Amino acid sequence: MIGFIIWLVGLILTIKAAVKIWKLNADTAKKLLAIILIVLTSWLGLAFYYFYGKDKMSVWLK
């Protein structure tokens, strides 16, 4: 049960991050690459995005 809850929280945070990245004004290919990297790296990618890259993502993708 705990594993399912952790998985569900990760899924929700991943979708939330992907939507925020998709709404950025940047090249579509770069946005897709960033979303794929976050999905593939799972919790490490989410931690990087939320703790470090969230504010810098728009600069990096331009």
Side-chain angles (χ1 to χ4, degrees):
M1 185 67 174
I2 296 294
F4 176 73
I5 293 171
I6 291 171
W7 176 80
L8 187 61
V9 168
L11 179 67
I12 291 169
L13 289 175
T14 302
I15 291 170
K16 186 177 173 182
V19 169
K20 284 185 179 184
I21 292 171
W22 190 255
K23 289 181 180 180
L24 292 174
N25 187 15
D27 185 33
T28 304
K30 291 179 182 179
K31 290 189 294 190
L32 283 174
L33 181 62
I35 292 170
I36 290 170
L37 283 173
I38 287 176
V39 170
L40 289 178
T41 56
S42 187
W43 282 101
L44 291 175
L46 283 173
F48 176 78
Y49 174 75
Y50 280 110
F51 293 125
Y52 182 73
K54 185 176 180 181
D55 298 328
K56 298 176 177 138
M57 193 64 69
S58 62
V59 174
W60 291 341
L61 293 179
K62 286 188 179 186

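Values in this document were obtained by computation on a predicted structure and should not be read as measured data. The analysis underlying the following values was restricted to heavy atoms, covering all of them including side chains, and did not include hydrogens, waters or symmetry mates.
Under the ring-ring contact (aromatic ring centres under 6.0 Å, His included) criterion, Phe51 pairs with no residue at all, not counting sequence neighbours.
Atom CD1 in Ile38 sits 10.0 Å away from atom CG in Leu33 (nearest 0.5 Å). With rounding to the nearest 0.5 angstrom, the NZ atom of Lys30 is 11.0 Å from the OG1 atom of Thr28.
Following chains of ILVMFWY side-chain contacts shorter than 4.5 Å, one can reach Leu46 starting from Trp22, so the two form part of one hydrophobic cluster. By the criterion of side-chain heavy atoms lying less than 4.5 angstrom apart, applied directly or through intervening Ile, Leu, Val, Met, Phe, Trp or Tyr residues, Ile5 is not grouped with Leu11; the two fall into different hydrophobic clusters. Under the 4.5 Å side-chain heavy-atom criterion for Ile, Leu, Val, Met, Phe, Trp and Tyr, Trp43 and Leu37 are members of distinct hydrophobic clusters. Under the 4.5 Å side-chain contact rule for hydrophobic residues, Leu8 and Met1 do not share a cluster. Linking ILVMFWY side-chain heavy atoms closer than 4.5 Å, directly or via other members, places Ile6 and Phe48 in a single hydrophobic cluster.
Nearest heavy-atom pair across Leu24 and Lys31 is O-NZ, 3.3 Å. Across all their heavy atoms, Ile35 and Ala18 have their closest contact at CD1-O, 3.6 Å.
Two residues are said to be in side-chain contact when any heavy atoms from C-beta on lie closer than 4.5 Å; Lys16 and Tyr49 fail this criterion.
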